[in-house]
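All chains are named by letter (A, B, ...) in the order of the sequence lines, taking the proteins before the strands, and each is independently numbered beginning at 1. Since the model is a prediction, treat every value here as computed from it, not as a measurement.
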2 protein chains.
Amino acid sequence: MKEGPDIARIAALIGDPARANMLTALMSGKALTVSELAEEAGITIQTASSHLSKLEGGGLLRPRKQGRHKYFSLANEDVAHALEALMGLAAGAGHLRKRTGPKDAALRKARVCYNHLAGDMGTQMFDALMAQNHIKLQGEDLILTDKGTHFITTLGIDLDSLQAKKTPLCRECLDWSERRSHLAGSLGRALLSHFETLNWAKRDQNTRVVRFSREGLQEFERLFEVDVRRR
Amino acid sequence: MKEGPDIARIAALIGDPARANMLTALMSGKALTVSELAEEAGITIQTASSHLSKLEGGGLLRPRKQGRHKYFSLANEDVAHALEALMGLAAGAGHLRKRTGPKDAALRKARVCYNHLAGDMGTQMFDALMAQNHIKLQGEDLILTDKGTHFITTLGIDLDSLQAKKTPLCRECLDWSERRSHLAGSLGRALLSHFETLNWAKRDQNTRVVRFSREGLQEFERLFEVDVRRR
DNA sequence: TTCATAGTTCGATGTTAATCGAAGCATTGA
DNA sequence: TCAATGCTTCGATTAACATCGAACTATGAA
């Protein structure tokens, strides 16, 4: 009859087979739609919808609407950690699922989305900016931190002129090949054109592919402390 | 409809409020009886018994019979880890419970149990032997490892004569003040008398208290790499 | 506007499982 | 051997909830 943190409530949420399947599917880090998750769990869309709103209410999922789709992803690292711990208990060795994206390798690696960088490198850049605390999520909005402001201006990007425009500075855009977030908004656009003026990257004329030069790739990796080639 | 590790099954086990309360109570590391756990969860003993056998069947608990009591403790570190992860999700800050033992401080610290060392120092010695891989659990039985054999003979204890006896060398005994395991069996007995011959410790005549000398305490701490005084 | 697609809400149904009383079993102590 | 204590098993009851069909809302496309 004692009260600690309400571990039962959230364990019960994970404890339903349908919900557990959805959560496991989301362990890839990618965002999935209601219908995809329904398929994954082997239930109808109505049922899935009900489950998903419970998971969202319990703080396990983060929903994002994009057009007429609703994408769900795990709410944060803690959720993934707890799931992994449970997987470890259930099976011994933890094993994560993989999920394949679209076809063309070059498109998947780096491409233009509207006017900013998308694809694997886009999401990696986004993750790096988050990890290094240059940008952060505040409620629904994405904001540039003080540290991030410093980082951007040091790059030689004129923030003031960006902020003068009425389009939002930072926007989160869901990458449809990676199903993860990348950076949109005027800052996302400015970063891509920054890469172009430095000759780090070139847009392909006919396709949406973005090609990084050898040097550009190295600089990109140094700047964001990532390892693009080893993925 | 996919199959990964069956995370739902075990999450459902944790997901019942009564069971979650029991598990939380066991996070102290101490073993508790069926009736105590029933009390903890606010349910009748029958219901508790049913829950506990499910938890045991799911591999979350380790039962030990001692007389007409049945003690339960968490099965292993992984279980505790998973519970903690869930607690973190549920509340943000993790917080462990405390549970008080019996009264007399000296008795709680070190005493004789049958003929071996019990109390706080007994369980600490046990934990240290386990952590340093001198003894380990093999199925239901406790065995001395090769490393442990070396350790014991180096102390100057005659293992051969111990093994000649028909009483088991290593036995796990549940400490009723600490509600954790300490080392019994002929080895446990030998260790205590070893401490006595070296004048590290003396048994009190009337009570079951074991008193360590200043030097004995230091040697004990060095030997097992623990810090008894700072608990 | 009209149609199609993606999700949500509502209501009815069926299954699961938590709960406890009562009876049974096992261990301990006298 | 008898009584007391600790726990388990059985059976009946009850409450919760997962599930899906059907109707509804919202977004996008023609």
* **Which nucleotide in C/dT19, D/dA18, D/dC20 has an atom nearest any side-chain atom of B/H51** => C/dT19
* Would you mind reading off the bend of the helix from C/dT1-D/dA30 to C/dA30-D/dT1 from its two end axes, five pairs each, to 10 degrees? => 30°
* To do: Using the six-membered ring wherever Trp is involved, compare the ring planes of B/H116 and B/H182 and label them parallel, tilted or perpendicular (cut-offs 30° and 60°).
  => tilted
* Structure fact -> Between CG of B/D16 and C1' of C/dC20 the distance, given in whole Å, is 15 Å
* To do: Nearest whole angstrom, please: distance from the P of D/dC17 to the CD1 of A/I14.
  => 16 Å
* **Minimal non-hydrogen separation, B/P17 against A/A8, with atom names** => CA-CB, 3.7 Å
* So which heavy atom on B/M87 is nearest to which on B/T24, and how close? -> CE-CG2, 3.4 Å
* Looking across every strand, which nucleic acid part, if any, lies under 4.0 Å from B/A48 by heavy atom: base, sugar-phosphate, or nothing? -> nothing
For nucleotides 2-6 of chain C, list the nitrogen or oxygen atoms of the protein found under 3.5 Å from its nitrogen or oxygen atoms, one pair per line.
from, atom 1, to, atom 2, distance (Å)
C/dT5, O2, A/R68, NH1, 3.3
C/dA6, O3', A/R68, O, 3.3

* To the nearest Å, give me how far apart CZ (B/F72) and P (D/dG6) are. => 15 Å
* Asked: Looking across every strand, which nucleic acid part, if any, lies under 4.0 Å from B/K54 by heavy atom: base, sugar-phosphate, or nothing?
  -> sugar-phosphate
* Return the value, rounded to whole Å, for the distance between atom CG of B/L61 and atom C1' of D/dC7. => 16 Å
* Using a 4.5 Å cut-off on heavy atoms from C-beta on, say whether the side chain of A/F195 contacts that of A/M121. => no
* Closest to the B/Q46 side chain: D/dC20, C/dT19, D/dT9? -> D/dT9
* Asked: How far apart are the closest heavy atoms of A/C170 and A/L183, and which atoms are they?
  -> CB-CD1, 4.2 Å
* Please determine if a side-chain N or O atom of B/T47 lies less than 4.0 Å away from the OP1 or OP2 oxygen of C/dT19. => no
* Structure fact -> Here the distance between atom P of C/dG7 and atom CD of A/E39, to the nearest Å, is 13 Å
* Drop me the distance from A/I45's CD1 to A/E36's CD, to the nearest 0.5 angstrom. => 10.5 Å
* **A/N21 CG to D/dT19 C1', straight-line distance once rounded to whole Å** => 15 Å
* Asked: To the nearest Å, how far apart are A/E56 CD and C/dT8 P?
  -> 9 Å
* Nearest heavy-atom pair of A/P63 and A/L61: which atoms, and what distance? -> CD-O, 3.9 Å
* Structure fact -> note: B/Q66, atom CD; C/dA26, atom C1'; distance rounded to Å ~ 16 Å
* Roughly how far, to the nearest 0.5 Å, is the CG atom of B/L26 from the CG atom of B/L55? -> 9.0 Å
* To do: Of all the heavy-atom pairs spanning B/R111 and B/G119, show the shortest one and how long it is.
  => NH1-CA, 3.6 Å
